[in-house]
Each structure stands twice: as C-alpha cells, then as structure tokens.
Amino acid sequence: MTYLISIFGGYLFGSIPTAYLVVLRRAALDIRKTGSGNVGAFNSYNVTRSKKIGILVGIMDGLKGFIVAAVAGQILGGSFWIQSAALCGALIGHNYPCWLRFRGGRGLAPAAGGMFAMGISYTIIWCATWVVAFETVNDILKANIAAIILAPIILLIIPSGWIDAVMVRYISATDYRVFTFILSGILLLSHWHPLNEILQHKYFVT
C-alpha cells in the first residue's frame with residue numbers, strides 16, 4: 001500500500017504542468033502548440049526567448065522531483081525503494097500529465113532533482129556524458145539519448161566506492177545501480193520519437 005501511495009502521490013505532484021502554467025502566464029502562449037510542443041524548460045526558453053523563464057521552469061521541475069523523493073524518504077517509511085517509487089511516479093506524471101491529455105515533458109529536470117535527495121552519481125555521470133556527446137554530435141536530443149543510455153552502464157562499471165562517496169543517504173550500490181536502469185528506461189520512453197527517428201535514419205536527413 002505504501003508503494004501505491006508513493007507512486008500515485010508522486011504522479012499527482014509530478015503532473016503539475018509548470019512549463020505550461022509559467023509560459024501561459026508570462027507569455028500568453030500554449031507551450032504545447034509552439035516550438036517543439038514539449039512541456040519542459042528548454043522549450044519554454046525556445047518559445048519565449050527568455051532565459052529567466054527557461055531557468056525558472058527548470059528549477060521548478062527539478063524541485064518537483066526533489067520534493068517527492070525527499071517527502072517519500074522522510075514520511076512514507078524512508079526506504080530507498082519507496083523514494084524510488086515516488087520519483088518514478090513523479091517522472092511519469094511530468095511526462096504524461098492527466099491535466100494536459102498526457103502530453104508533458106521529457107523528465108530530465110525532475111529526475112535530476114529527485115536524485116539530489118538520494119544520490120547524485122547518476123546526475124554527475126549523466127551531465128558529463130551529455131557534455132561529451134553534445135560536443136561530438138552538436139545536437140541536444142542525441143546528447144540526451146546518449147547520456148540516458150550510457151549513464152547506468154557507466155555506473156555498473158565504476159567502483160562502488162565512487163557511488164558511495166556522493167550518496168546523500170546510505171543506499172547499497174547494487175540497489176542504486178538497478179534503479180538507475182529503471183530511471184533511464186522511463187527517460188528513454190519520453191525520448192522515443194527522436195530515438196525512433198535515429199534508428200530509422202530519418203533524423204540525419206536535413
């Protein structure tokens with residue numbers, strides 16, 4: 001029952017469409033109908049050309065993940081897997097919000113925020129991998145996908161002590177590694193359209 005409460009509560013909180021609400025209020029635009037249509041921080045910046053709005057949305061989305069994971073850890077029993085369930089619920093809510101006909105963001109900001117309440121090695125490796133990938137391919141979505149796929153694999157290879165060194169609370173390295181594969185799976189689903197185009201070689205056509 002605690003897991004169901006964590007997932008459902010995480011979904012409801014994560015489904016708050018921060019990008020949609022901020023862009024609608026600040027720029028009188030429906031973010032779903034402008035730019036890429038993605039309800040997230042980067043598209044908020046793209047459609048408004050305002051760094052402040054993009055940063056604000058990114059921070060608010062990050063806080064959704066952090067708050068859900070922190071509350072689940074402190075109130076709902078405190079186990080790592082309860083936190084994980086809540087964060088997964090928040091990511092699903094962010095990516096597929098019922099308020100916007102299940103059309104949301106890609107989950108990167110809430111995922112990063114949630115990991116700050118658990119252990120940040122995934123976030124560190126994801127960001128480092130993203131920078132290398134972006135410098136190589138000069139494409140944000142391709143860099144996102146590369147980092148999503150490679151981050152859990154790298155975590156599987158590196159020594160457990162490196163993971164433990166930046167753990168916010170005690171979590172076994174094995175449990176943490178397993179969860180990062182689940183996390184990356186959810187993030188990869190939200191990138192399915194560009195990933196499918198890459199697999200079909202359509203993405204490379206200009």
What side-chain donor-acceptor pairs closer than 3.5 Å can you find for residues 93-100, not counting sequence neighbours?
residue	atom	partner	partner atom	Å
H94	ND1	K64	NZ	3.1
N95	OD1	G107	N	2.9
N95	ND2	L91	O	3.3
W99	NE1	S15	OG	2.8

Run the side chain to side chain contact (heavy atoms under 4.5 Å, CB included) test against D175 and tell me which residues pass, sequence neighbours left out. F80, W81, I171, S172
Less than 3.5 Å apart, which donor and acceptor atoms pair up between the side chains of residues 24-32 and the rest of the protein, not counting sequence neighbours?
residue	atom	partner	partner atom	Å
D30	OD1	R32	N	3.0
D30	OD1	R32	NE	3.0
D30	OD2	R32	NH2	2.9

I'd like to know whether CZ of F8 has more than 12 heavy-atom contacts from other residues, nucleotides or ligands below 6.0 angstrom. no
For the residue pair V57 and A19, what are the closest heavy atoms and their distance? CG1-CB, 3.6 Å
Does some side-chain heavy atom of M118 sit less than 4.5 Å from a side-chain heavy atom of F179? yes
Restricting to side chain to side chain contact (heavy atoms under 4.5 Å, CB included), what partner residues turn up for S36, sequence neighbours left out? N38, N43
Can you confirm whether M115 sits close enough to V168 that some side-chain heavy atom of one is under 4.5 Å from a side-chain heavy atom of the other? no
For Y176, enumerate each residue passing the side-chain hydrogen bond (donor to acceptor under 3.5 Å, both in side chains) test, keeping only those at least two apart in sequence or located in another chain. S121
Under a single-linkage definition using a 4.5 Å side-chain heavy-atom cutoff for Ile, Leu, Val, Met, Phe, Trp and Tyr, are V68 and I59 assigned to the same hydrophobic cluster? yes
Residue pair I182 / C88, side-chain heavy-atom distance below 4.5 Å: yes
If you look at every heavy atom in L183 and A111, which pair is closest and at what distance? CD1-CB, 4.1 Å
Measuring only between side-chain heavy atoms, which start at C-beta, is D139 closer than 4.5 Å to F134? no
Side chain to side chain contact (heavy atoms under 4.5 Å, CB included) with I67: which residues, sequence neighbours excluded? F13, L63, V71
Considering only residues two or more places apart or on different chains, which pairs with a residue in residues 51-62 satisfy side-chain hydrogen bond (donor to acceptor under 3.5 Å, both in side chains)? T18-D61
Assigning hydrophobic clusters by single linkage (Ile, Leu, Val, Met, Phe, Trp, Tyr; side-chain heavy-atom cutoff under 4.5 Å), is Y170 placed with L87? no
For R49, the side chain to side chain contact (heavy atoms under 4.5 Å, CB included) test, sequence neighbours excluded, returns Y45, N46
Can you name the closest pair of heavy atoms from S44 and V23 and give their distance? OG-CG2, 3.7 Å
Answer with yes or no whether the hydrophobic clustering places V137 together with F42; edges join I, L, V, M, F, W, Y residues whose side-chain heavy atoms lie under 4.5 Å apart. no
Output a table of donor-acceptor pairs, distance under 3.5 Å, between side-chain atoms of residues 144-163 and any protein atom two or more places apart or on a different chain; print 'none' if there are none.
residue	atom	partner	partner atom	Å
N144	OD1	W130	NE1	2.8
N144	ND2	H191	NE2	3.3
S160	OG	R177	NH1	3.2
S160	OG	R177	NH2	3.4

Considering residues at least two apart in sequence or located in another chain, which fulfil the side-chain hydrogen bond (donor to acceptor under 3.5 Å, both in side chains) criterion with Y122? S184
Can you find a pair of side-chain heavy atoms, one from M60 and one from I16, that are under 4.5 Å apart? no
Side-chain heavy atoms under 4.5 angstrom apart, residues restricted to Ile, Leu, Val, Met, Phe, Trp, Tyr: same cluster for I186 and I7? no
Closest heavy-atom pair, A70 versus A117, reported as atoms and distance to 0.1 Å, is N-CB, 4.0 Å
